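Quick note on labels: first sequence line is chain A, next is B, and so on, each numbered from 1. Bear in mind that the values here come from a model prediction, so they are computed numbers and not experimental data.
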There are 2 protein chains.
Amino acid sequence: MRKSDAVAAIIETIESNIEQGLWKPGFRLPTERELELRLGVARNTLRKSLKKLEEDGKIVRQIGRGSFVAEPATSNNVMTSLLNQVLGSSPSEVMEIRLVLEPWAAGLAATRATAADLMQMRDCIAHAAGAPDVPTFEKWDGELHQTIISSAKNGLLAGLYEAINTVRHQPEWMKLKQRTVTDDRRAAYHRQHGEIVDALAERDPEKAARLIRDHLIAVRISLLGE
Amino acid sequence: MRKSDAVAAIIETIESNIEQGLWKPGFRLPTERELELRLGVARNTLRKSLKKLEEDGKIVRQIGRGSFVAEPATSNNVMTSLLNQVLGSSPSEVMEIRLVLEPWAAGLAATRATAADLMQMRDCIAHAAGAPDVPTFEKWDGELHQTIISSAKNGLLAGLYEAINTVRHQPEWMKLKQRTVTDDRRAAYHRQHGEIVDALAERDPEKAARLIRDHLIAVRISLLGE
DNA sequence: CGATATTGGATCAATAATGGATCAATAGTG
DNA sequence: CACTATTGATCCATTATTGATCCAATATCG
């Protein structure tokens, strides 16, 4: 047989199958042992082609499962996987992110929040103070934080934070809160919330960021210990 | 016998029954022992499909009662609204968030990244350098940033960033990139990427954070102007 | 109420299919 | 001849699927 770079030829064949939509993303390729017959080439040669295709991100191979046309991360797929990610993430992970996002967002909110935003925050605080039980307190606490984030006037950020906030509906999270949110702590949180909103009203970004950071550290300690 | 991914096939069958309204929310599915006969597969295989459907929130299963088509969930709404939010967000909003998230994540990655992570980053850089066109460059650039974020070992953060990253597939974003990513800039980005990964390999959090921040500022300027 | 049947949950072992890896032999190219 | 691509073969690691058994929660019926 001639030396005509069979590897490159096979790559082009498979690539054209993909690009022409004959093999769509997620499609399972024929097994190597079938492809070698269909293409009239040794398995070793075929595998060199597949290796290159994998390195280029065109296909994905898994031992025992098969080879698949690579799937671009479509928004839909990502969102459903994000949902599972959120539902399965630990309080530690959640707090780690909140501790970065919220102080920064509060800094922005200090300059961007409207009077209506501030009023809504005070409303949340009042509702939280009058909450008869922990779940109700949690609801208004979440609403308050969401309002602060939204006041940063970055829609994408608000959406991301809302996604994070759904973790509060998780049974595990609710149990944790139920166990750790004592009356003493509720009082402390109430005071901290008030100070944060005051700082926002004073248009003091550093102060708002510092206060919400302190607040979140207190929350983290009460949830996870030191 | 051939491995034909029976699990996926069953999932699609059941999903289509639901989506076509044949099985409405609340409908009780046939018992597993009946379905395995009807679908001609082992119960174990069937159960893998049902488990996946349950994880995706499509059905609800209860011991002793049966499996039921799930009611549309609220957490699902949050994710679809996030999806719309992502698709509709401006490059300015995206960069504002990346500028906060990535330097911080890089700082964590400097201590948490594994050798395999670093190798994968270098791989992405090499692929980006050899990319024949802007879309391919964009793909590997996105992959690189995602790898850095994932190296922070916070699953929730990785999920959130992946959601942000899907914006790259938006036509508006791609056009913007096509117009602004010149060869000069590609060369500059390539150098910056290399320096960032070097800093991570040196386990220097401050340096990594500073470098990725500078890089993102350069990207923002090229995308949006001063 | 209590006994029994039904239903999903969980685990195990066995078999087969699949990609991963290596080696020696062969054929074409220069 | 020397070199390289290709072949053909063998074995390994992981996964899918099957078939079976037992457990846990619920429903049903006497």
Side-chain angles (χ1 to χ4, degrees), chain A residues 1-15 17-18 23 25-71 84 87-88 171-172, chain B residues 1-15 17-18 23 25-71 115-116 119-120 123:
Chain A
M1 182 167 293
R2 281 184 43 208
K3 232 190 203 181
S4 47
D5 205 349
V7 173
I10 294 169
I11 291 178
E12 279 194 22
T13 303
I14 296 180
E15 268 184 344
N17 273 338
I18 295 175
W23 291 355
F27 174 82
R28 177 175 169 179
L29 273 61
T31 69
E32 295 183 354
R33 286 159 179 92
E34 186 178 343
L35 270 180
E36 78 176 319
L37 292 180
R38 197 188 293 189
L39 298 174
V41 72
R43 188 160 163 236
N44 251 332
T45 310
L46 169 64
R47 280 179 57 71
K48 281 182 189 170
S49 309
L50 293 177
K51 184 177 181 185
K52 184 70 165 52
L53 284 167
E54 184 181 31
E55 284 171 352
D56 289 350
K58 305 290 178 66
I59 67 171
V60 176
R61 297 195 287 176
Q62 280 177 283
I63 305 177
R65 281 180 47 82
S67 300
F68 304 83
V69 177
E71 294 194 71
N84 291 328
L87 299 185
E172 186 197 359
Chain B
M1 176 178 51
R2 163 156 167 84
K3 281 191 189 178
S4 47
D5 211 344
V7 173
I10 294 169
I11 290 177
E12 279 192 25
T13 303
I14 296 180
E15 267 183 344
N17 274 338
I18 296 176
W23 291 355
F27 173 82
R28 176 176 165 171
L29 274 62
T31 69
E32 294 183 354
R33 286 159 178 93
E34 184 179 344
L35 270 180
E36 78 176 318
L37 292 180
R38 197 188 292 187
L39 297 173
V41 3
R43 186 160 163 237
N44 246 331
T45 309
L46 169 64
R47 280 179 57 71
K48 278 185 188 169
S49 308
L50 294 178
K51 183 177 181 184
K52 183 72 164 49
L53 285 166
E54 186 180 30
E55 284 171 353
D56 288 351
K58 305 289 179 68
I59 67 172
V60 176
R61 297 195 288 177
Q62 281 177 287
I63 305 178
R65 282 178 47 88
S67 299
F68 304 84
V69 177
E71 308 286 342
M119 207 178 310
Q120 194 179 341
D123 211 43

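We find that CG of B:L50 is positioned 15 Å from C1' of D:dT17, with the value rounded to whole Å. Put simply, CG on A:L35 is 17 Å from C1' on D:dT7, counting in whole angstrom units. In this structure, B:L29 atom CG and C:dG9 atom P are separated by 12 Å, rounded to whole Å. Taking atom CZ on B:F68 and atom P on C:dT6, their separation rounds to 17 Å, with Å as the unit. Distance A:L46 CG to D:dT6 P: 12 Å, rounded to the nearest Å.
A distance of 9.0 Å separates CD1 in A:I10 from CG in A:L35, rounded to the nearest 0.5 Å.
More than 12 heavy atoms of other residues, nucleotides or ligands lie within 6.0 Å of CD in B:E55, so this atom counts as buried by the packing criterion.
When the salt bridge (charged side-chain N to carboxylate O under 4.0 Å, His left out) test is applied to A:K52, the partners found at least two apart in sequence or on another chain are A:D56. Partners of B:E36 according to the salt bridge (charged side-chain N to carboxylate O under 4.0 Å, His left out) rule, which considers only residues two or more places apart in sequence or in another chain, do not exist here.
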Give me, pair by pair, the N or O atoms of the protein and of nucleotides 27-30 of chain D that are less than 3.5 Å apart, along with how far apart they are.
{"unit_1": "D:dA27", "atom_1": "OP1", "unit_2": "B:R65", "atom_2": "NH1", "d": "2.6"}

Restricting both atoms to N or O, compile the protein contacts to nucleotides 20-26 of chain C shorter than 3.5 Å, with distance only.
{"unit_1": "C:dG20", "atom_1": "OP2", "unit_2": "A:R47", "atom_2": "NH1", "d": "3.1"}
{"unit_1": "C:dG20", "atom_1": "OP2", "unit_2": "A:R61", "atom_2": "NE", "d": "3.2"}
{"unit_1": "C:dG20", "atom_1": "OP2", "unit_2": "A:R61", "atom_2": "NH1", "d": "2.8"}
{"unit_1": "C:dG20", "atom_1": "OP2", "unit_2": "A:R61", "atom_2": "NH2", "d": "3.4"}
{"unit_1": "C:dG20", "atom_1": "N7", "unit_2": "A:R43", "atom_2": "NH2", "d": "3.1"}
{"unit_1": "C:dG20", "atom_1": "O6", "unit_2": "A:R43", "atom_2": "NH1", "d": "3.3"}
{"unit_1": "C:dT22", "atom_1": "O4", "unit_2": "A:N44", "atom_2": "OD1", "d": "3.1"}
{"unit_1": "C:dT22", "atom_1": "O4", "unit_2": "A:N44", "atom_2": "ND2", "d": "3.3"}
{"unit_1": "C:dC23", "atom_1": "N4", "unit_2": "A:N44", "atom_2": "ND2", "d": "3.1"}

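Screening residues 33-58 of chain B for ring pair (Phe, Tyr, Trp, His ring centres under 6.0 Å) gives no qualifying pairs among residues at least two apart or on separate chains. Pairs engaging residues 26-71 of chain B under the ring pair (Phe, Tyr, Trp, His ring centres under 6.0 Å) rule: B:W23-B:F27 [sequence neighbours left out].
In terms of polar N and O atoms assigned as donor or acceptor, the side chain of B:K48 never comes within less than 3.5 Å of the base of D:dT17 in a complementary pairing.
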Pair A:I59-A:I18, side-chain contact (heavy atoms from CB on, under 4.5 Å): steps then yes or no = CA-CA 9 Å; A:I59 67 171; A:I18 295 175; 4.2 Å; yes
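A pairwise comparison of heavy atoms in B:R28 and B:G66 identifies NE-CA, 4.4 Å as the closest pair.
The side chain of B:K3 approaches C:dA16 more closely than any other nucleotide in the set C:dA16, D:dT18, C:dT7.
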